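Everything below concerns the one structure shown next.
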Protein chains: 2
Amino acid sequence: MSNIGIKDIAARANVSTATVSYVLNGTRNVSPKTRERVLAVIEELNYKPNDIAKSLKRRRTDTIGVIAEDVTVFNTPEIIDGINDYGDRHDLHILLTNLRLDKRIGRDFTNLDKYRRYAASAVSELLSKQVDGIIYIGVHTRDLTGLIDTEGKPIVYTYGYTQVDMAIQYNDEQASYEAMSYLIEKGHRKIAIISGLMDSIPSRLRLNGYYKAVTEYELPFDPQYIKMGDWERESGYGLTKELLQLPEPPSAILAMNDVMAVGVLQAAKESGVQIPADLSVIGFDNREFSDYLSPRITTMDIPLHEMGYKAMEALHCLMQGKPYKPAEMPVCRLIERDSVGLLRN
Amino acid sequence: MSNIGIKDIAARANVSTATVSYVLNGTRNVSPKTRERVLAVIEELNYKPNDIAKSLKRRRTDTIGVIAEDVTVFNTPEIIDGINDYGDRHDLHILLTNLRLDKRIGRDFTNLDKYRRYAASAVSELLSKQVDGIIYIGVHTRDLTGLIDTEGKPIVYTYGYTQVDMAIQYNDEQASYEAMSYLIEKGHRKIAIISGLMDSIPSRLRLNGYYKAVTEYELPFDPQYIKMGDWERESGYGLTKELLQLPEPPSAILAMNDVMAVGVLQAAKESGVQIPADLSVIGFDNREFSDYLSPRITTMDIPLHEMGYKAMEALHCLMQGKPYKPAEMPVCRLIERDSVGLLRN
DNA sequence: CTGTTAGCGCCTTCAA
DNA sequence: TTGAAGGCGCTAACAG
């Protein structure tokens with residue numbers, strides 16, 4: 001086991017520990033000869049620096065804490081992947097905390113007390129571990145103001161935000177607007193939308209994009225085309241049935257997630273309407289399964305990797321006291337598949 | 001910022017730093033009065049211990065390194081969740097390393113040089129961070145012998161193994177045997193199997209389970225019923241077409257993953273055969289989408305959470321020098337849905 | 001029951 | 001270009 005330290009190699013190379021430290025970190029010029037000698041001994045003894053000691057001294061760990069509300073929720077792994085991507089390039093390590101919210105308190109976000117305890121202890125542990133900063137990954141975008149106190153350590157939120165901290169979000173409004181534009185390009189004018197829960201920010205923003213498109217393209221506006229879903233398949237199913245029953249049913253449906261789009265497909269199938277011949281569908285999230293359904297569904301891909309990457313980049317700036325220039329919001333991208341038909345009229 | 005340390009609170013409470021340490025860790029009896037006083041000051045100053053310093057002294061970090069070959073691959077998040085579950089209960093923290101193999105070198109596992117470099121540097125960084133042990137999560141089960149050297153630190157593999165280290169695997173043979181039994185219970189006797197790549201251990205083990213069932217239940221054995229797939233949808237599709245063309249087509253197909261099962265569904269649909277009326281299908285993995293297909297497919301759920309939990313448990317034993325009693329292998333569980341029909345006759 | 005103190009392994013100022 | 005030495009914040013003998 002690696003009991004050898006800087007002083008062992010110093011002794012064996014006939015230099016001071018300071019010199020070893022210098023060659024290790026390139027902190028100061030060292031004559032080529034001594035450097036070689038030191039390096040040789042390091043190699044010979046298979047020396048591995050002890051980052052713990054280093055961190056204690058430098059008062060920096062080059063480690064950031066990631067608090068994931070639930071790593072098993074679909075957005076989280078890709079975000080973490082983005083965080084890693086940036087981390088790898090800048091020698092930043094990740095201490096992962098998984099709140100396991102889905103399993104521990106389910107979707108009942110009103111149970112704030114329990115939640116707050118979990119979150120507080122997670123932050124507290126991370127702080128004790130002396131992380132240089134924290135990234136918080138929520139399971140759905142909402143206002144987390146006042147729930148977390150990092151005692152001055154920088155924090156960046158994604159899939160969530162507070163009124164005071166930095167947060168990385170993608171552009172929801174643009175996304176639904178773009179989906180609408182695509183549908184309109186394909187000749188659709190009677191377009192319905194099935195939203196997620198209305199207490200959700202993305203739902204509201206995407207609805208804005210919808211309204212914007214309706215207005216700009218001067219589509220016939222019909223309040224009946226706007227259905228409030230709850231993100232689950234059943235609501236996609238039920239609301240599609242309603243839509244299909246309308247005297248003037250839509251020719252296209254924009255579902256705010258792929259799960260509800262599954263319900264749309266099912267309702268259409270049962271009602272004998274062909275997708276995309278009779279009805280077009282666009283989903284959201286580009287979940288893996290959206291490519292496995294039949295028809296394969298066209299969907300908006302959320303830039304999760306980029307969000308993780310940018311969150312880390314932003315945090316890194318904060319950690320160094322630099323300001324982070326928020327640049328552009330990450331943007332969703334339409335994945336064209338087979339669920340949208342050309343409407344010739 | 002938390003500049004206050006043990007000595008600040010010692011001073012303010014008129015005790016020695018040792019006493020503070022003792023009340024903090026409960027390492028020694030402290031008179032109630034002093035304890036109260038110390039606790040009060042800790043509270044008052046909002047003191048947070050510095051685990052880095054503590055680790056340096058104790059030569060233990062209570063942190064384990066998790067090396068994931070790719071966190072975005074479906075098995076990984078659930079395994080990590082299991083690791084967290086155990087970790088939460090035992091105050092063990094997770095330093096996560098993501099090799100990002102899928103994105104960096106794809107599925108070309110023959111590119112060992114590149115892989116070895118990534119793995120070696122991951123281990124090396126973790127070792128420098130003084131983790132107390134390592135859990136390795138592969139993207140698919142294979143022999144990793146000789147690829148990783150942890151210099152004596154304990155390591156546990158899952159979704160992968162070596163000839164010398166501990167590994168947590170689920171029971172593949174039992175899984176396919178159980179799936180077969182279920183099919184047989186439902187009256188099927190002509191059962192085909194679509195395997196994954198044959199250089200994969202799970203493929204071979206599951207095939208064993210298949211053979212075992214064929215033998216024990218004295219099913220008519222037909223080599224034509226055994227098809228070699230490659231885990232991808234297209235192979236499920238193509239091989240099903242072949243199966244359907246047989247003079248005596250099977251009444252049920254066991255696909256070694258849900259992705260290939262998607263191909264089975266598609267082929268069946270195109271060939272006008274109804275599932276489950278004319279053909280039954282069982283998948284593997286219980287991927288989320290298996291519940292979204294139509295019909296919803298019956299599949300074998302892999303105990304990922306349990307594997308992560310057990311891997312951590314095993315590692316924890318190793319870390320303490322205790323032997324780990326491997327007990328039972330985690331077992332797969334059949335998720336009954338709608339893709340298997342009762343064959344009367 | 002409590003205090004004193006020597007490090008853990010490394011970095012970095014100060015001096016040479 | 002190099003060394004000596006004082007901590008970083010905490011734990012755990014050892015001593016009282």
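The structure presented is a predicted model; accordingly, all values stated were derived computationally and were not measured.
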Tabulate atom names and distances for all N/O pairs under 3.5 angstrom spanning the protein and nucleotides 14-16 of chain D.
unit_1	atom_1	unit_2	atom_2	d
D/dC14	N4	B/Arg28	NH1	3.2

Rounded to whole Å, CG of A/Asn3 lies from P of C/dC10 at a distance of 11 Å

Are B/Asn50 and D/dC10 close enough that a side-chain N or O sits under 4.0 Å from OP1 or OP2? no

Round to a whole Å and report the spacing from NZ of A/Lys48 to P of C/dC8. 21 Å

Would you work out how much the helix from C/dC1-D/dG16 to C/dA16-D/dT1 bends between its ends, with each end axis defined by five base pairs, to 10 degrees? 40°

Counting the atoms with a prime plus P, OP1 and OP2 as sugar-phosphate, which does B/Val20 contact under 4.0 Å by heavy atoms, base, sugar-phosphate, or nothing? nothing

Of B/Ile52 and A/Pro32, whose closest DNA chain D nucleotide lies nearer the 5' terminus? A/Pro32

Starting from C1' on C/dG9, measure out to NZ on A/Lys57 and report it in whole angstrom. 11 Å

Taken to the nearest whole Å, CZ/B/Arg59 to C1'/C/dG7 is 10 Å

Quick check against the 3.5 Å criterion: does B/Asp132 have a side-chain atom that pairs as donor or acceptor with the backbone of B/Asp62? yes

Integer-rounded Å distance: D/dT1 P and A/Lys33 NZ: 11 Å

Answer yes if the side chains of B/Thr34 and B/Ser31 hold a donor-acceptor pair under 3.5 Å, and no otherwise. yes

Please lay out, stage by stage, how A/Arg12 and A/Glu44 fare under the test salt bridge (Lys or Arg N to Asp or Glu O under 4.0 Å). CA-CA 10 Å; A/Arg12 205 144 156 59; A/Glu44 178 192 351; 2.2 Å; yes

Contact class for A/Asn25 (heavy atom, under 4.0 Å): base, sugar-phosphate, or nothing? sugar-phosphate

Please check the phosphate of D/dT1 (OP1 and OP2 only) for any side-chain N or O of A/Thr19 closer than 4.0 Å. no

What is the separation between atom CG on A/Leu56 and atom P on C/dG7, rounded to the nearest whole Å? 17 Å

Kindly assign one of parallel, tilted or perpendicular to the pair B/Tyr136 and B/Tyr157, based on the angle between their ring planes and the thresholds 30° and 60°. tilted

Closest-nucleotide 5' rank along DNA chain D - winner of A/Val15 and A/Ala53: A/Val15

Output the rounded distance in Å from NZ (B/Lys7) to P (D/dC10). 9 Å

Picking from D/dC8, C/dC11, D/dT1, which would you name as closest to the side chain of A/Arg58? C/dC11

When the ring planes of B/Tyr159 and B/Tyr170 are compared, do they come out parallel, tilted or perpendicular, using 30° and 60° as the limits? tilted

Where each residue is assigned the nucleotide of DNA chain C containing its nearest heavy atom, which of A/Ala18 and B/Asn14 is assigned the position nearer the 5′ end? B/Asn14

Without decimals, in angstroms, what is the distance between A/Asp62 CG and C/dC10 P? 16 Å

OP1, OP2 of C/dG3 versus side-chain N and O of B/Thr17: anything below 4.0 Å? no

Side chains of B/Ser55 and A/Lys129: is there a donor and an acceptor less than 3.5 Å apart? no

Are any side-chain N or O atoms of A/Arg28 and backbone N or O atoms of A/Tyr22, one a donor and one an acceptor, separated by less than 3.5 Å? no

Check the side chains of B/Glu69 and B/Asn98 for a donor-acceptor pair under 3.5 angstrom, ignoring hydrogens and angles. no

If you look at every strand shown and take non-hydrogen atoms under 4.0 Å, does A/Ser21 touch a base, only sugar-phosphate, or nothing? base

B/Lys33 atom NZ, over 12 foreign heavy atoms within 6.0 Å: no

Name the atoms and distances for all side-chain donor-acceptor pairs under 3.5 Å in residues 71-78 of chain B, with sequence neighbours left out.
unit_1	atom_1	unit_2	atom_2	d
B/Thr72	OG1	B/Asp70	OD1	2.6
B/Asn75	ND2	B/Gly138	O	3.4
B/Thr76	OG1	B/Asp70	O	3.1
B/Glu78	OE1	A/Lys103	NZ	3.1

Phosphate contact (D/dT11 OP1 or OP2) by B/Thr27 side-chain N/O below 4.0 Å: no

Under 4.0 Å between a side-chain N/O of A/Ser55 and OP1 or OP2 of D/dC8, yes or no? no

